[in-house]
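So the structure is just underneath, and the comments pick up after that.
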Protein chains: 2
Amino acid sequence: MPLPRANTISRTFAALSDPTRLTILARLAKQGDMTVQDIARPFAMSLPAVSQHLKVLEQAGLISRGRNGQQRPCRLRPERLAAAQAWLDNTRHAWEARLDRLENFLAAKKDTRQ
Amino acid sequence: MPLPRANTISRTFAALSDPTRLTILARLAKQGDMTVQDIARPFAMSLPAVSQHLKVLEQAGLISRGRNGQQRPCRLRPERLAAAQAWLDNTRHAWEARLDRLENFLAAKKDTRQ
DNA sequence: CCCATATTTAAGTGATGACTTAAATATAGG
DNA sequence: CCTATATTTAAGTCATCACTTAAATATGGG
């Protein structure tokens, strides 16, 4: 599995860059599938605004939507969250590995000097 | 340590929502501290554009900057990356835990029916 | 078919973002 | 002090974003 390119992963982060959308995702994770009305209820914004947020999340692959009568239940899709996590993990790991190599190098230098 | 609010963490994600900035962070992680010129070299954009990206990263707490003569070396700060990871981890974990509870519930239901 | 409910689309607005070029600032070193 | 190098600030432009209200669409049930 190749590492996703910066361009792909930045799309995911863009979808995560709004507090309303983060709250929506967190609620879907904790409470399971929800209708648009349920999702919108706690927010101080119009229904279309929430619907637009859901569209962003869907296009980013962070949620999927079904059909249940007139309702379009939303479900969290964890795959892209995992991909974002993987990028962060890689980056942080590269940073730690560099520090370790640097430490080893300095320790070795000190050894030869003595 | 309280969970960061959606508002705080969304700022971090916003800083991560640009491919140029992701690339910068990845290079800082792998190659260590770099000057603005070094950072800018591979990009097809002006130096001020890169400088502005660095400002965004610094204000998001994702990098810090020193002073070395005329140069302002940039260094990755992994803390906010870790915080972002933690949010993703929590959300994904909540999702998994819900699925598990649901599975248990269904299994129990099946048991009592038999 | 008609009506209520759920959701989306359209169209417009104000704010923010990612650039640009030109000009300003900071520092090192003769 | 003067000049070269490194970096930032200023100011403007064009695109995108997060909303709004009004209108459209979809579905279920008399």
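Chain identifiers are assigned alphabetically (A, B, ...) following the order of the sequence lines, protein sequences preceding nucleic acid strands; residue numbering begins at 1 within each chain.
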Protein-nucleotide distance (Ile24(A), atom CD1; dT7(C), atom P), rounded to Å: 13 Å
Could you measure the distance from the NE2 atom of His53(B) to the OG1 atom of Thr23(B)? Nearest 0.5 Å is fine. 10.0 Å
Just do the side chain to side chain contact (heavy atoms under 4.5 Å, CB included) check on Arg65(A) and Leu57(A) with the steps written out, would you? CA-CA 10 Å; Arg65(A) 341 188 50 174; Leu57(A) 290 173; over 6 Å; no
How many angstroms lie between CD1 in Ile24(A) and CG in Leu62(A), if you round to the nearest 0.5 Å? 11.0 Å
Is the terminal nitrogen or CZ of Arg92(A) (NZ for Lys, CZ for Arg) located under 6.0 angstrom from the six-membered ring centre of Trp95(A) and within 45° of that ring's axis? no
Which nucleotide, dT21(C), dC19(D), dC19(C), lies nearest any side-chain atom of Ser46(B)? dT21(C)
Answer yes or no: are there more than 12 heavy-atom neighbours, outside Arg11(B) itself, under 6.0 Å from its atom CZ? no
What's touching nucleotides 23-25 of chain D from the protein side, N or O pairs under 3.5 Å?
none

From CE of Met45(B) over to P of dC19(C), roughly how many Å is that when rounded to an integer? 4 Å
For the pair made of CZ in Arg11(A) and P in dT16(D), what is the distance, rounded to whole Å? 11 Å
Whole angstrom is fine here: how far is it from CZ in Arg72(B) over to P in dT25(C)? 16 Å
Can you figure out which of dA6(C), dT20(C), dA18(D) approaches the side chain of Gln37(A) most closely? dA6(C)
Please check if Met45(B) and Val56(B) belong to a single hydrophobic cluster, counting links between Ile, Leu, Val, Met, Phe, Trp and Tyr side chain heavy atoms closer than 4.5 Å. no
Gln70(A) CD to dG30(D) C1', in whole Å, measures 13 Å
Is the shortest side-chain N/O distance from Arg21(B) to OP1 or OP2 of dA18(C) below 4.0 Å? yes
DNA chain C-proximal residues of residues 50-67 of chain B, any heavy atom under 4.0 Å: Gln52(B), His53(B), Arg67(B)
Over how many whole Å does the gap from Gln71(A) atom CD to dT5(C) atom C1' extend? 9 Å
Identify which nucleotide among dC19(C), dT5(D), dT8(D) has an atom closest to any side-chain atom of Val36(B), counting heavy atoms from C-beta outward. dT8(D)
Give a yes or no on whether the backbone of Ala60(A) and the side-chain of Arg80(A) come within a donor-acceptor separation of less than 3.5 Å. yes
Which is it for Asp89(B) and Gln85(A) under the side chain to side chain contact (heavy atoms under 4.5 Å, CB included) test, yes or no, and what are the steps along the way? CA-CA 8 Å; Asp89(B) 220 32; Gln85(A) 240 181 320; 2.5 Å; yes
If you round to the nearest 0.5 Å, how far is SG of Cys74(B) from CZ of Arg27(B)? 11.0 Å
Options dA26(C), dT7(D), dA26(D), nucleotide nearest the side-chain atoms of Leu47(B): dT7(D)
